[in-house]
Amino acid sequence: MKGGYDHFMQKEIHEQPEALLQTMRGRVMFRRPDDEPSAYVAGAASRITLGGLVDTKATIRRARRIMFVACGTSYHACLAARQTIEDLVELPVVLELASDLLDRRAPIFRDDTCVFVSQSGETADTLRALEYAKTRGALCVGVTNTVGSAISRATHCGIHQNAGYEIGVASTKAYTSQVLGLDAKVRALAETLRDSQSLLFFARGSNYATALEAALKMKEVALIHSEGILAGEMKHGPLALVDEHMPIIVVATRDGTYAKMQSVIEQLLARDARLIILCNEGDERMQGYAAGSRCQLIEVPQTVEQLQPVVNIVPLQLLAYHITVLRGHNVDQPRNLAKSVTVT
Ligand code: F6R
């Protein structure tokens with residue numbers, strides 16, 4: 001069942017390229033730069049089709065705002081996607097943690113489109129928030145990974161993460177081998193961090209979600225206290241934690257926040273911080289920071305800005321995995337946690 005891997009978490013990290021391909025299959029029509037337009041049927045190039053939303057597209061377009069509702073890692077996925085969705089739909093996009101939405105009985109209107117994101121489709125808080133949004137007359141859309149789950153049945157329409165028809169032009173093998181190449185380096189890094197009491201992740205923009213998700217993984221499997229910090233808030237408190245002992249992982253891949261992240265790194269180095277910088281391959285500026293200082297690099301392939309967080313999270317998941325194994329904790333069943341949280 002583990003297909004040659006030691007743990008399910010390790011197997012599932014390595015399965016991500018194939019999972020992404022399955023999610024896109026039949027929905028995303030790529031046109032590669034070297035493709036002749038004639039390779040595709042007229043008008044079909046570079047477009048996305050989500051069959052489950054075709055009938056409600058007009059209602060979604062008329063919405064006053066799009067509200068994403070989720071818990072845990074699913075919430076982080078919404079956070080990572082927010083900017084891209086705002087850019088594409090040109091509507092306000094708000095994010096809600098399901099439990100907090102319910103505690104506040106937050107206002108929801110008939111002309112809202114509420115999107116409920118849940119891997120299992122069974123999370124109790126997300127399901128209750130969905131029932132609440134329905135009573136307010138909002139259009140309720142599900143994004144789940146489980147066909148027939150409670151959330152997929154209760155929503156008006158939705159997207160299954162694995163459904164779809166034909167297509168998909170992606171270099172799975174090459175991508176997977178890049179991740180595997182990264183693994184050895186990340187394992188060596190895990191050795192140096194295995195006894196840490198606490199770890200901080202600094203990032204900005206859509207990689208703030210990367211920082212939160214990496215910190216969550218570090219807590220839930222490695223059982224290490226960890227925080228994801230929006231680097232723009234650094235001087236408003238978190239900087240006080242910085243010293244030469246606390247390991248800090250800074251996400252500084254090339255995107256709109258790159259220049260600001262350079263400044264963050266310089267300020268942290270000036271305080272003799274123990275830095276690990278996650279950057280794009282061949283980034284000479286970051287290599288310069290690493291030369292002659294205690295700073296280490298994790299280098300990842302560069303992709304389009306909107307998708308860079310998808311790549312960035314992979315080595316951080318692996319880091320949490322390896323630290324967990326080195327500390328001798330149960331990777332696949334962390335203490336006190338269940339896979340689906342079906343009670344509140
Ligand atoms: C963390 C984790 C949880 C879930 C959360 C929501 O690794 O698995 O934070 O993401 O319980 O679960 P779903 O997506 O099934 O609604």
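Just so you know, ligand 1 is whichever comes first in the structure, and atom 1 is the first atom listed for that ligand. Numbers for residues simply follow the sequence, beginning at 1.
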* Structure fact -> Checking heavy atoms under 4.0 Å, the part of E220 that sits near ligand 1 is side chain
* Is R187 paired with D183 through a side-chain N to carboxylate O contact shorter than 4.0 Å? -> no
* To do: Answer yes if the side chains of E266 and Y289 hold a donor-acceptor pair under 3.5 Å, and no otherwise.
  => yes
* Asked: Closest non-hydrogen protein atom to atom 8 (O) of ligand 1, residue and atom name please, with distance?
  -> T73 OG1, 4.3 Å
* F109 and I66: same hydrophobic cluster, using ILVMFWY side-chain contacts below 4.5 Å? -> no
* atom 11 (O) of ligand 1: the protein heavy-atom neighbour that sits closest, reported with distance to 0.1 Å -> V341 CG2, 4.0 Å
* Report yes if E213 has an N/O atom closer than 3.5 Å to an N/O atom of ligand 1; otherwise report no. => no
* Asked: Are any of the side-chain nitrogens in R271 or E244 under 4.0 Å away from the carboxylate oxygens of its partner?
  -> no
* Which residue owns the protein heavy atom closest to atom 15 (O) of ligand 1, what's the atom, and how far is it? -> S120 OG, 2.6 Å
* Angle class for the H7/Y321 ring planes (parallel below 30°, perpendicular above 60°, tilted otherwise)? -> perpendicular
* Asked: Are a donor atom and an acceptor atom from the side chains of E213 and T73 found within less than 3.5 Å of each other?
  -> yes
* Could you tell me whether ligand 1 has any atom less than 4.0 Å away from a heavy atom of K217? => yes
* To do: Answer yes if the side chains of Q267 and S263 hold a donor-acceptor pair under 3.5 Å, and no otherwise.
  => yes
* Contact atoms of ligand 1, heavy-atom distance to S74 under 4.0 Å -> 10 (O), 13 (P), 14 (O)
* Please report which non-hydrogen protein atom sits nearest to atom 12 (O) of ligand 1, along with the residue it belongs to and the distance in Å to one decimal place. => T123 OG1, 3.4 Å
* To do: Check ligand 1 against S118 and write out every atom of the ligand that is under 4.0 Å from a heavy-atom position of the residue.
  => 13 (P), 14 (O), 15 (O), 16 (O)
* Can you tell me the protein heavy atom closest to atom 6 (C) of ligand 1 and the distance? -> C71 O, 3.5 Å
